S.K.: 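The following block contains the structure, expressed as structure tokens.
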Amino acid sequence: MLPVIQSHLQPTGHRNRKPRLVTKDGHCNIELGNTEYTNQFAFLGDLWTTFVEIRWRFVLLLFVASFTGSWFIFSLLWYWMAKSNGDLTGQNRTAGHIKCIENVNGLTTAFLYSLETQTTIGYGGRALTGHCAGTVALIVIQSLVGVFINCFMCGVIMAKISLPKKRAKTVIFSDTAVICLKKGSLCLLIRVANLRKTLLIGSQIYGKLIKTTTTPDGETIILDQVDIDFMVDSGKDNLFFVCPLTLYHVINKSSPFYELSADTLLQQDFELVVFLDGTAESTSSSCQVRTSYIPQEIRWGYTFLPIISRNQIGKYRVDFSNFSRNVRVTTPHCAFCFETDVDQQTHNSHNQQNHSYQQKQGIDNAGFQVIDIHDMDVTKM
């Protein structure tokens with residue numbers, strides 16, 4: 001009884017939600033199974049990428065553990081050297097005993113000396129005497145290890161902060177796609193906008209149609225990919241991404257959407273994945289933004305509202321409240337119907353032109369007899 005009530009209380013948009021390969025925010029819905037049969041050491045071979053891609057909680061844990069662990073390990077070595085030399089409290093010291101490390105009397109003071117050495121604090125209360133060669137070698141090794149840990153952890157944190165996917169969060173796509181007439185052709189339209197004033201250099205836009213197909217041999221191909229070409233009025237590559245752009249795909253005979261109609265669109269099972277590749281102007285790092293649309297998110301017979309205007313002082317203003325809003329417009333029922341109407345209109349126009357031309361030039365009539373007219377004498381009156 002409870003599942004039935006929950007199904008009625010659930011919003012309509014969430015009922016029978018079809019699984020998608022790429023979510024609206026660009027994450028891939030892929031689960032890796034039976035990874036125990038693969039080479040797990042491959043991730044350790046690419047250690048840098050592994051550390052950069054792990055979650056922040058593990059990075060912070062690694063940061064604390066690497067410094068604290070190194071301090072403790074070297075404190076044990078300092079404690080062992082002080083104990084072997086008889087510097088600890090309670091050890092029998094001979095007259096004229098020379099310490100290797102001043103004021104290191106136990107494990108706690110050895111840990112403090114290790115921390116002060118690696119972080120270069122140098123309070124001055126604990127220091128080497130210079131009479132033991134082993135302590136000199138150990139302080140050199142600990143300094144080098146400390147520098148390596150500092151560089152590695154700073155590099156990991158900086159790399160995670162400057163990941164290109166963070167820049168991709170400031171590029172948005174419209175919630176829905178629309179199908180309408182554009183420049184005399186039936187097109188599928190999508191909007192994309194850059195929320196930052198810095199540009200994406202060398203932007204390229206393309207799409208993939210993901211669906212399950214069956215080959216003539218009877219083989220079923222899951223997640224079969226078909227290329228979808230998108231373009232804007234200024235071209236296809238190297239876009240001037242300074243304001244929101246409307247991407248469009250022309251639905252013609254070479255388009256995989258050619259056989260769709262307004263009635264059969266919602267009955268289809270496919271996913272349109274749209275990609276935007278570019279280079280961030282401020283960091284020179286490449287990034288990719290992606291989103292996807294399922295048939296329920298494509299509206300036939302609608303177009304986007306205009307969002308760009310110019311104010312009184314001459315600046316262009318973008319109204320993002322209308323970014324994904326669309327209105328109904330007159331649109332053909334299908335691409336085939338539209339091309340048939342266009343061909344019929346073209347044929348009728350061509351016939352009218354021929355008819356007008358024939359009226360001007362005259363028409364040969366085979367019923368007339370052609371005779372020769374001879375010159376006649378003209379008599380003057």
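Worth saying up front: this structure is predicted, and the values here are computed from it rather than measured. Here, residue 1 is the first one in the sequence, and each next residue gets the next number.
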S.K.: Strictly below 4.0 Å, N to O, side chains only: are E297 and R20 in salt-bridge contact?
M.R.: yes

S.K.: Taking C-beta and beyond as the side chain, do T176 and I298 meet within less than 4.5 Å on heavy atoms?
M.R.: no

S.K.: Side-chain contact, heavy-atom cut-off 4.5 Å: V52 with W48?
M.R.: yes

S.K.: List the steps and the verdict of side-chain contact (heavy atoms from CB on, under 4.5 Å) for F257 and N252.
M.R.: CA-CA 8 Å; F257 301 113; N252 50 26; over 6 Å; no

S.K.: Is the centre of the F152 ring less than 6.0 Å from the centre of the F51 ring?
M.R.: yes

S.K.: Show, in sequence, the C-alpha distance, side-chain angles and deciding distance for L189 and L247, and conclude whether the side-chain contact (heavy atoms from CB on, under 4.5 Å) test is met.
M.R.: CA-CA 6 Å; L189 277 64; L247 319 177; over 6 Å; no

S.K.: Hey, what's the ring geometry for F111 with W71, parallel, tilted or perpendicular (30° and 60° as the breaks)?
M.R.: perpendicular

S.K.: Any donor-acceptor pair under 3.5 Å linking the side-chain atoms of Q118 with those of S143?
M.R.: no

S.K.: What's the verdict on ring pair (Phe, Tyr, Trp, His ring centres under 6.0 Å) for F270 and Y293, showing C-alpha distance, side-chain angles and the deciding distance?
M.R.: CA-CA 9 Å; F270 65 82; Y293 298 92; over 10 Å; no

S.K.: Find the distance between CD (Q204) and CZ (F230) and round it off to the nearest 0.5 Å.
M.R.: 15.0 Å

S.K.: Indicate yes or no: at least one non-hydrogen side-chain atom of I172 is less than 4.5 angstrom from one of V192.
M.R.: no

S.K.: Could you check whether D263 and S261, counting side-chain N and O atoms only, form a donor-acceptor pair closer than 3.5 Å?
M.R.: no

S.K.: Do R126 and T109 have side-chain heavy atoms sitting under 4.5 Å apart?
M.R.: yes

S.K.: Mark yes when over 12 heavy atoms from residues, nucleotides or ligands other than I222 sit less than 6.0 Å from its CD1; otherwise mark no.
M.R.: no

S.K.: May I ask you to check if the distance between the SG atoms of C132 and C100 is under 2.5 Å?
M.R.: yes

S.K.: Hey, could you give me the CG/CZ distance between L76 and F72, rounded to the nearest 0.5 Å?
M.R.: 4.5 Å

S.K.: Does the side chain of E219 pick up a donor-acceptor pair with the side chain of T214 at under 3.5 Å?
M.R.: no

S.K.: At what distance, to the nearest 0.5 angstrom, does CE of M81 lie from CH2 of W78?
M.R.: 6.5 Å

S.K.: Indicate the atoms forming the closest heavy-atom contact of S174 with I190, along with that distance.
M.R.: OG-CG2, 3.9 Å

S.K.: Is any side-chain heavy atom of Y302 closer than 4.5 Å to one of C180?
M.R.: no

S.K.: Does atom NZ of K169 have more than 12 heavy-atom neighbours, drawn from other residues, nucleotides or ligands, at distances under 6.0 Å?
M.R.: no

S.K.: Working to the nearest 0.5 angstrom, can you tell me the gap between S292 OG and D25 CG?
M.R.: 9.5 Å

S.K.: Would you say the side chain of I221 lies within less than 4.5 Å of the side chain of T212, judging by non-hydrogen atoms?
M.R.: no

S.K.: Say whether I121 and V104 are linked into one hydrophobic cluster, either directly or through other cluster members, by side-chain heavy-atom distances under 4.5 angstrom.
M.R.: yes

S.K.: Do S321 and D319 meet the criterion of a side-chain donor-acceptor pair at a distance under 3.5 Å?
M.R.: yes

S.K.: If you define the side chain from C-beta out and look only at heavy atoms, does anything of T215 sit under 4.5 Å from T220?
M.R.: no

S.K.: Could you walk me through whether K99 and N105 pass the side-chain contact (heavy atoms from CB on, under 4.5 Å) test, one step at a time?
M.R.: CA-CA 10 Å; K99 295 183 177 182; N105 304 319; 4.1 Å; yes

S.K.: Please report the shortest heavy-atom distance between P306 and N322, naming the atom on each side.
M.R.: O-ND2, 4.2 Å

S.K.: Do NZ/NE/NH1/NH2 and the carboxylate oxygens of K160 and E53 come within less than 4.0 Å?
M.R.: no

S.K.: Taking all atoms of both residues into account, what is the closest heavy-atom pair of Y79 and G106, and its distance?
M.R.: CD1-C, 3.7 Å

S.K.: Between F173 and F275, is the gap from one ring center to the other below 6.0 Å?
M.R.: no

S.K.: Kindly compute the distance separating CG (L200) from OG1 (T170), expressed to the nearest 0.5 Å.
M.R.: 7.0 Å

S.K.: Do T246 and V232 come within less than 4.5 Å of each other through their side chains, counting heavy atoms only?
M.R.: no

S.K.: Run the salt-bridge test on K211 and E271 with the 4.0 Å N-O cut-off and return the result as yes or no.
M.R.: no

S.K.: Considering all heavy atoms of both residues, which atom of T331 and which atom of G301 are nearest to each other, and what is their separation?
M.R.: OG1-CA, 3.2 Å

S.K.: Could you walk me through whether V145 and F74 pass the side-chain contact (heavy atoms from CB on, under 4.5 Å) check?
M.R.: CA-CA 10 Å; V145 171; F74 279 101; 4.1 Å; yes

S.K.: I need the minimum non-hydrogen distance between L260 and W300, along with the two atoms involved.
M.R.: O-CH2, 3.7 Å

S.K.: Which value, rounded to the nearest 0.5 Å, describes the distance between D224 atom CG and T213 atom OG1?
M.R.: 3.5 Å

S.K.: Do V171 and I307 sit in one hydrophobic cluster, given that two such residues count as connected whenever their side-chain heavy atoms are within less than 4.5 Å of each other, even indirectly?
M.R.: no

S.K.: Which heavy atom in E259 sits nearest to a heavy atom in T264, and how many Å separate them?
M.R.: O-OG1, 4.5 Å

S.K.: So, is the end of the R55 side chain (NZ or CZ) under 6.0 Å from the ring centre of F58 and within 45° of the ring's axis?
M.R.: no

S.K.: Verify the distance criterion only: is there a donor paired with an acceptor across the side chains of Y206 and D277 at less than 3.5 Å?
M.R.: yes

